[in-house]
Amino acid sequence: MIHCESRAEILGIRSKQVGTVGVVPTMGALHQGHAALIESSMASCDQTWVSVFVNPTQFAPHEDFNRYPRQLKKDLAFCQSLGVDVVVTPSEATMYPNGDIVAKYIPPLELSQIMCGKTRPHFFNGVCNVVERLFAMVQPTHAFFGNKDLQQRVIIERMVHDLGSGIEVVGVPIVRNEAGLALSSRNAYLSEDGHRLASYISMVLHDSASHVRQSSWSSHSVRQFVAAELEGRGLKGDYVEIFRPIYGECVSGEINPGDHCCVAFYCDNVRLIDNIQLI
Ligand code: PAF
């Protein structure tokens with residue numbers, strides 16, 4: 001496995017490679033959710049690259065940039081054990097030379113300011129900023145993103161389309177622990193009780209999908225049910241929305257095939273997101 005940090009090293013290694021290159025962009029603290037992304041890339045691409053970079057531009061000043069888990073040694077060993085070809089760990093100066101953080105691509109407001117964008121209005125601008133820079137350096141043919149961050153995946157797909165980069169964006173199914181909690185590096189912040197409480201999120205989402213499939217529940221009923229069930233158990237709601245990924249819109253009324261219920265809830269003051277395809 002090659003480990004490289006500087007722009008020159010990255011470009012040099014990339015220029016020698018032929019065939020398809022899949023990239024898995026990450027902020028490190030790798031877990032089995034990342035393993036699924038890596039395995040998906042390895043199954044369909046000749047080369048698999050993983051990037052580890054805790055991106056400052058997607059955090060607001062009051063957010064957890066400083067305490068975000070950093071464990072590079074472990075992450076490198078994890079990638080090695082999975083058979084990753086190249087791990088890229090750029091510094092801030094490599095990603096944002098001369099402190100230039102101006103984004104070349106700003107995602108459409110109607111996509112970036114709904115759901116997670118309401119509480120984190122800066123977030124998707126920062127994600128597109130770093131992912132566009134990473135794509136320009138690594139020049140992947142494919143890029144792998146987890147469906148847990150569904151809005152992020154849809155926004156990256158839009159960016160790739162708008163910029164005409166020709167990269168195939170692949171969404172990978174959510175990986176959950178035995179209690180159903182969607183894996184996330186931020187789960188490390190949860191207490192034991194928090195873990196137990198947080199596992200209700202997937203349970204309630206699952207129940208809501210059953211109601212839609214069996215009783216044709218409307219968007220309104222799903223949103224009310226999910227919010228009431230989770231708040232009743234002590235989780236604090238940020239949003240519950242019905243999201244239609246092909247249009248990148250939150251919808252009301254009848255639920256269509258492909259619609260997802262997307263949620264963000266606070267547990268132990270940790271903001272957790274999850275989603276389920278309803279039908
Ligand atoms: O999903 C993440 O871990 C990050 O948002 C990403 C895509 C690596 C960009 O920093």
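Remember, it's 1-based here, ligands and their atoms both numbered in the order they're listed.
Taking the centre and axis of the six-membered ring of Tyr96, the NZ or CZ atom of Arg7 falls outside the cone set by 45° and 6.0 Å. Judged by the 6.0 Å and 45° rule, Arg158 forms no cation-pi pair with Phe124.
Each of Pro25, Thr26, Met27, Asn55, Gln58, Val127, Val130, Phe145, Gln152 has a non-hydrogen atom positioned under 4.0 Å from some atom of ligand 1.
A salt bridge links Arg233 to Glu229: at least one charged side-chain nitrogen sits closer than 4.0 Å to a carboxylate oxygen.
Between His142 and Phe144, the ring planes lie parallel to each other; the angle is under 30°, not in the 30° to 60° tilted range.
Between the side chain of Thr141 and the backbone N or O of Val21, at least one donor-acceptor pair lies under 3.5 Å.
Atom CD1 of Ile10 sits about 11.0 Å away from atom CD of Gln139, to the nearest 0.5 Å.
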